[in-house]
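In this chain, numbering begins with 1 at the start of the sequence shown. What you are looking at is a predicted structure, and each value in this text was computed from that prediction instead of being measured.
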Amino acid sequence: MTTMTETSARFREFKMPDVGEGLTEAEILKWFVQPGDTVTDGQVVCEVETAKAAVELPIPFDGVVHELRFPEGTTVDVGQVIIAIDVAPGSGDAPAPTAAPVQEPAAEPEAEAEPKGRTPVLVGYGVAESSTKRRPRKGAAAAPEAAAVAAAVQAELNGHGAPAAPTPAPAVPVQGGRPLAKPPVRKLAKDLGIDLATVVPTGKDGIITREDVHAAAAPAAPEAPAAVASPLAPAPAVAEAPAVASDSARETRIPVKGVRKAIAQAMVGSAFTAPHVTEFVTVDVTRTMKLVAELKEDKDMAGVRVNPLLVIAKALLVAIKRNPEVNAAWDEANQEIVQKHYVNLGIAAATPRGLIVPNIKDAHDKTLPQLAEALGELVTTARDGKTSPAAMAGGTVTITNVGVFGVDTGTPILNPGESAILAVGAIKLQPWVHKGKVKPRQVTTLALSFDHRLVDGELGSKVLADVAAILEQPKRLITWA
């Protein structure tokens with residue numbers, strides 16, 4: 001099924017699909033087409049960011065782009081029309097195509113509602129009950145009155161007696177009760193905490209510019225009280241007024257949305273829902289590092305990336321096989337522990353959009369070369385920002401490698417719906433007692449956090465001890481598998 005509507009036999013409208021499991025909105029990051037461009041079935045027309053990932057949206061039919069309904073940077077509810085396509089160009093007169101609007105329609109507290117229902121899916125999977133109403137916009141504050149009061153108070157503080165009558169603020173041109181400004185300027189004002197109703201426009205036809213917003217954001221330097229000249233004192237030298245740093249120069253405000261917002265909500269929910277327990281073990285991984293060096297030269301591993309994380313991932317999978325009860329989830333609604341007979345191994349990956357945790361499906365069934373290939377593809381896709389929502393859904397256990405940052409270890413927070421997460425610290429050359437003598441050995445510290453509702457201390461300790469034992473003696477990958 002496609003997410004579209006037919007306005008006539010000639011024009012079709014494409015709606016924002018639910019690109020993940022139960023998502024309600026997405027931000028349009030970039031348009032790849034403009035009005036007048038020819039598109040074909042399956043061609044990517046835009047990139048959107050959801051609470052889980054950035055996703056490219058393909059158009060499900062052929063035609064010519066007639067209209068883009070929203071500009072880049074706009075957050076759109078699932079089910080709203082984002083693009084109109086002329087599927088029969090040249091068949092008659094049609095309204096002139098338009099790009100995404102530069103300014104929003106006048107006096108539009110909310111868009112016309114469409115019937116509620118299940119939104120069809122185009123990308124990803126899962127559908128959500130959704131209303132296509134737009135959220136009401138916040139009204140502008142009564143800024144002129146506030147400015148007048150502030151001026152009176154400032155004059156009183158300056159000690160000049162009765163304040164002079166405040167100069168009325170210039171009228172700000174509005175359309176339908178909203179100051180005129182382009183969407184990027186509105187976003188800038190929102191980021192800086194500036195009410196556009198208080199900004200004096202200098203642009204053509206009374207449009208507020210970026211410079212106007214920056215000027216409104218910079219606080220004015222306070223006037224110094226007038227000095228009383230003395231006939232005996234020399235005239236004071238005129239000193240240059242000190243520069244006053246603007247708020248934008250002293251701090252940066254970043255809207256919390258998309259992936260970052262989802263991460264924050266998930267981590268808070270996990271930390272205050274699942275009772276976390278974290279255990280630590282320091283282990284000699286010298287033999288594991290030798291194995292990694294040998295695997296890099298093995299012809300069976302040619303073409304795949306081999307590193308310590310690969311062996312650690314395999315060690316965790318073997319430990320889960322020996323202790324399957326750890327691979328479970330807590331079902332709060334039904335008050336049940338759900339045992340998983342498969343392992344979708346999550347790997348925490350740092351990306352420009354924040355930390356995401358895609359997972360390797362059915363990692364327990366993969367050979368070492370297959371696991372290495374899957375790890376390589378997962379990391380490359382994440383760094384390119386192309387990880388799909390499906391790749392991040394359904395994880396059971398996660399590994400986070402904080403050692404790449406030189407960190408010894410940490411106390412990781414569980415991903416929602418998972419029972420355990422293993423943190424791997426930096427591998428360092430340290431003095432270690434080996435065969436009764438102190439020798440330099442490759443050593444690391446592991447930390448395992450688990451949900452104490454379904455994993456007790458004994459089970460968690462067994463899993464961590466098994467991982468450590470395998471890394472100390474990698475031959476156990478064979479004897480224990």
Test item: Glu377 side-chain N/O and Ala374 main-chain N/O as donor-acceptor pair under 3.5 Å: no
Using a 3.5 Å distance criterion without hydrogens, assess whether the side chain of Gln80 forms a donor-acceptor pair with backbone atoms of Asp77. yes
Taking all non-hydrogen atoms of both residues into account, name the closest pair between Val306 and Met301 and its distance. CG2-CE, 3.8 Å
Counting only N and O atoms by type, is there a donor-acceptor contact under 3.5 Å from the side chain of Trp330 to the main-chain atoms of Ser419? no
Looking at side-chain heavy atoms only, is the closest gap between Thr380 and Asp384 below 4.5 Å? yes
Please answer whether the main-chain N or O of Thr367 pairs with a side-chain N or O of Gln370 as donor and acceptor at a distance below 3.5 Å. yes
Spacing of Lys366 atom NZ and Leu345 atom CG [to the nearest 0.5 Å]: 11.0 Å
Ring centres under 6.0 Å, that's the criterion: do His364 and Tyr342 meet it? no
Check: Val44 and Phe32 side chains under 4.5 Å, non-hydrogen atoms: yes
Of Leu371, Asn327, Ile360, the one forming a side chain to side chain contact (heavy atoms under 4.5 Å, CB included) with Leu317 is Leu371
Sub-3.5 Å donor-acceptor pair from the side chain of Ser449 to the main-chain atoms of Thr278, do we have one? no
Asp62 vs Val39, test: side chain to side chain contact (heavy atoms under 4.5 Å, CB included). Steps then yes/no. CA-CA 6 Å; Asp62 301 336; Val39 295; over 6 Å; no
Could you check whether any side-chain heavy atom of Ile413 comes within less than 4.5 Å of a side-chain heavy atom of Ile421, counting everything from C-beta outward? no
Quick check: does any side chain N or O of Thr74 sit under 3.5 Å from a backbone N or O of Phe70, one acting as donor and the other as acceptor? no
Could you tell me whether Glu13 and Lys15 have a side-chain N and a carboxylate O separated by less than 4.0 Å? no
Should Glu56 and Val45 be marked as a side chain to side chain contact (heavy atoms under 4.5 Å, CB included) after you check the CA-CA gap, both sets of side-chain angles, and the distance that decides it? CA-CA 8 Å; Glu56 292 180 339; Val45 295; over 6 Å; no
Evaluate Leu422 against Leu464 for side chain to side chain contact (heavy atoms under 4.5 Å, CB included), listing each step before the verdict. CA-CA 8 Å; Leu422 177 69; Leu464 185 58; 4.1 Å; yes
Would the distance check show the side chain of His276 and the main-chain N or O of Leu414 forming a donor-acceptor pair, the cut-off being under 3.5 Å? yes
Min side-chain heavy-atom separation Ile82-Trp31 under 4.5 Å: yes
Do Asn344 and Thr396 have side-chain N/O donor and acceptor atoms under 3.5 Å apart? no
Say whether, by atom type as modelled, one donor and one acceptor occur between the side chain of Asp37 and the main chain of Val33 under 3.5 angstrom. no
Taking every heavy atom of Gly425 against every heavy atom of Thr444, the minimum-distance pair comes out as O-OG1, 2.9 Å
In short, Pro308 meets Ile427 closest at the heavy-atom pair CB-CD1, 4.0 Å
What one should report as the nearest heavy-atom pair of Ile399 and Leu316 is CG1-CD2, 3.6 Å
Check: Thr400 and Val424 side chains under 4.5 Å, non-hydrogen atoms: no
Begin from the C-alpha positions of Phe14 and Ile85 and carry the test side chain to side chain contact (heavy atoms under 4.5 Å, CB included) through to its verdict. CA-CA 8 Å; Phe14 178 62; Ile85 302 295; 5.7 Å; no
Between the CD1 atom in Ile470 and the NZ atom in Lys314, the distance rounded to the nearest 0.5 Å is 10.0 Å
Rounded to the nearest 0.5 Å, how far apart are CD1 of Ile347 and CG of Leu309? 5.0 Å
Salt bridge (Lys or Arg N to Asp or Glu O under 4.0 Å) involving Asp466 - partner list, sequence neighbours excluded: Arg322
Separation between CG (Leu310) and CG (Leu295), nearest 0.5 Å, reads 7.0 Å
Looking at every heavy atom in both Leu454 and Ala329, which two are closest together, and how far apart are they? CD2-C, 3.5 Å
Sub-4.5 Å side-chain heavy-atom contact between Asp86 and Arg10: yes
Does any donor atom in the side chain of Asn415 or Thr398 lie under 3.5 Å from an acceptor atom in the other side chain? yes
Identify, with sequence neighbours excluded, every residue that meets side chain to side chain donor-acceptor pair (under 3.5 Å) alongside Gln335. Glu332
Mark yes or no for whether Asp331, through its side chain, and Ala333, through its backbone, hold a donor-acceptor pair below 3.5 Å. yes
Determine whether Val65 and Ile59 make a side-chain contact, defined as any pair of heavy atoms from C-beta on separated by less than 4.5 Å. no
Contacts of type side-chain contact (heavy atoms from CB on, under 4.5 Å), residue Thr381, not counting sequence neighbours: Lys386, Thr387
List the atom of Ala420, the atom of Leu448, and the distance in Å for their closest heavy-atom pair. CB-CD1, 4.2 Å
Say you draw a straight line from CG of Leu378 to CG of Asn359; how long is it, rounded to the nearest 0.5 Å? 8.0 Å
Answer whether the closest heavy-atom distance between the side chains of Val48 and Met16 falls below 4.5 Å. yes
For Asp212 and Thr209, indicate whether the former's side chain and the latter's backbone hold a donor-acceptor pair under 3.5 Å. yes
What's the spacing between Glu49 CD and Glu25 CD if we round to 0.5 Å? 11.0 Å
